[in-house]
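What follows is a short report on a single structure.
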Amino acid sequence: MGVPVLLPGPVPRTSRPRSGRAGAWAELLRLPALFTVPGDALAGAAAIGARPGPRTLLAIGSSLCLYEAGMALNDWADRAEDAAERPHRPIPSGRIRPAAALTAAGALTGAGLALAAGAGRPALAVAGPLAATVWAYDLALKHTPAGPAAMAAARALDLLLGAAATGGGTRAALPCAALLGTHTLAVTAVSRRETTGGSVLAPLAALATTGALTRLVTHRRTRLPAGRRAAAAPGLPGPGQAGGPPRAADVLTTALGAAYAATAARPYLHAALNPSPPLTQRAVGGGIRATIPLQAALAARSGSAGTALLVAALIPAGRMFAKRAGMRKVSIT
């Protein structure tokens, strides 16, 4: 996800280096974007008040496989369009055969469902609709008005997958899933004009959405003592409400929320002021990178400071990997 990197044309098959083939698959699968995936499951576990465990790891593995299946399927489905608009991509440039990309998408989907099954029936019950959403988006919905909503649903389901795998339920994680899905909806709406630019409304809407989400995530919530939370009705006022001294978790949530806003807002503003393709692509990249601090803020907001810091650690790791792989920019479409 992000903006595309212009790569040289295809090297003749007889002289193509082995590293070139590996690089083509790395580009097809948008490997730097993988760092935005584990935070879904971790935020989902935090949202239900559970510590990550072996089943959470299975959920992360499932999410990674299904995400990569979507990346491979995306380029297979768009191979004709990419031949005209993005000829440097692996399939139209001839570096990866269409059949190989489709086979990879099917294999990764199967692996993702198998890993979810290993995490239990509740996880598989979420992974099934998630896989269906991924395939429906790439094959039918991407270029329709329902495209951004489908992408948002996929990201929200990914968070719920972590909750279902870790604790067996998803109800408590629904608010966090809705917030993450809303962010994804805004980014996807901007990405629809990556190659053509010209849209002022989409980045403006994304900018407003970022502000609203930052406010919702960092707003200090009413909290009850641990022994009374289970018995309390949702939203019931109690001790520790806003107005008292800020807790360490509140400070961490605010800091991560600020990091989210800073990462997403500036490129959105630039794209709104000048909706050229390069700035629109940068706005998409900024929105994608902002996913990680948002996931971390959601985990901190749920009271899991350790999980939040673990997710936040993926930010520099992702940047370092992208730099070393020569893939600072990848594409959502």
Side-chain angles (χ1 to χ4, degrees), residues 1-3 32-47 63 148 151-152 154-156 158-159 162 173-191 202-221 246-272 281-320 322 328-330 332:
M1 304 165 91
V3 288
L34 279 180
F35 289 89
T36 71
V37 177
D40 290 345
L42 292 171
S63 297
M151 181 71 84
R155 185 65 83 163
D158 204 32
L159 186 147
L174 289 174
C176 287
L179 293 175
L180 185 60
T182 300
H183 166 72
T184 305
L185 179 69
V187 180
T188 308
V190 176
S191 76
L204 276 179
L207 182 62
T209 299
T210 299
L213 290 176
T214 302
R215 169 62 178 165
L216 289 171
V217 170
T218 59
H219 179 66
R220 292 181 62 195
R221 300 183 305 159
R247 302 175 304 114
D250 295 328
V251 175
L252 179 60
T253 303
T254 299
L256 291 170
Y260 160 66
T263 303
R266 184 175 179 181
Y268 285 155
L269 178 60
H270 288 173
Q281 291 164 3
R282 290 180 187 176
V284 175
I288 294 165
R289 289 190 297 273
T291 301
I292 301 179
L294 176 58
Q295 294 162 336
L298 290 172
R301 179 177 182 266
S302 300
S304 299
T307 300
L309 293 174
L310 178 61
V311 175
L314 295 172
I315 300 174
R319 290 176 179 173
M320 183 179 300
R328 294 189 181 186
K329 300 176 182 178
V330 288
I332 194 173

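Computed over heavy atoms, backbone and side chain alike; hydrogens, waters and symmetry mates excluded. If you read the sequence from its start, that first residue is 1, and numbering goes on from there.
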Evaluate the criterion side chain to side chain contact (heavy atoms under 4.5 Å, CB included) for residue pair Thr253 and His219; output intermediate values, then yes/no. CA-CA 9 Å; Thr253 303; His219 179 66; over 6 Å; no

Under the side chain to side chain contact (heavy atoms under 4.5 Å, CB included) criterion, do Leu252 and Leu309 qualify, and how do the steps go? CA-CA 9 Å; Leu252 179 60; Leu309 293 174; 3.9 Å; yes

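Note: Leu216 CG to Thr182 OG1 = 9.0 Å, rounded to the nearest 0.5 Å. Distance check, rounded to the nearest 0.5 Å: OG of Ser304 to CG of Leu298 gives 11.0 Å.
Counting heavy atoms from C-beta outward, Tyr268 and Val190 have side chains that approach closer than 4.5 Å. Taking 4.5 Å as the limit, every side-chain heavy atom of Thr218 sits out of range of all side-chain heavy atoms of Arg301. With contacts defined as side-chain heavy-atom distances shorter than 4.5 Å, the pair Leu159/Cys176 qualifies. The closest side-chain heavy-atom distance from Val284 to Arg289 is not below 4.5 Å.
A distance-only check finds a donor-acceptor pair linking the side chain of Thr254 to the backbone of Asp250 [under 3.5 Å].
Neither side chain, His183 nor Thr209, offers a donor N or O lying under 3.5 Å from an acceptor on the other. Judged purely by distance below 3.5 Å, without hydrogens or angles, the side chains of Asp158 and Ser63 pair a donor atom with an acceptor atom.
The minimum heavy-atom distance linking Gly257 with Ala297 is given by the pair N-CB, 4.0 Å. Counting all heavy atoms, side chain and backbone alike, Tyr260 lies closest to Leu294 at CD1-CB, 3.7 Å. Here the closest heavy-atom approach between residue Ala299 and residue Thr307 is recorded as CB-CG2, 4.1 Å. Residue Gln295 comes nearest to Leu180 through the heavy atom pair CG-CD1, 4.3 Å, listed as atom of the first residue, atom of the second, then distance. A pairwise comparison of heavy atoms in Gly39 and Leu314 identifies N-CD1, 4.3 Å as the closest pair. The nearest pair of heavy atoms linking Ser191 to Thr188 is OG-O, 2.7 Å.
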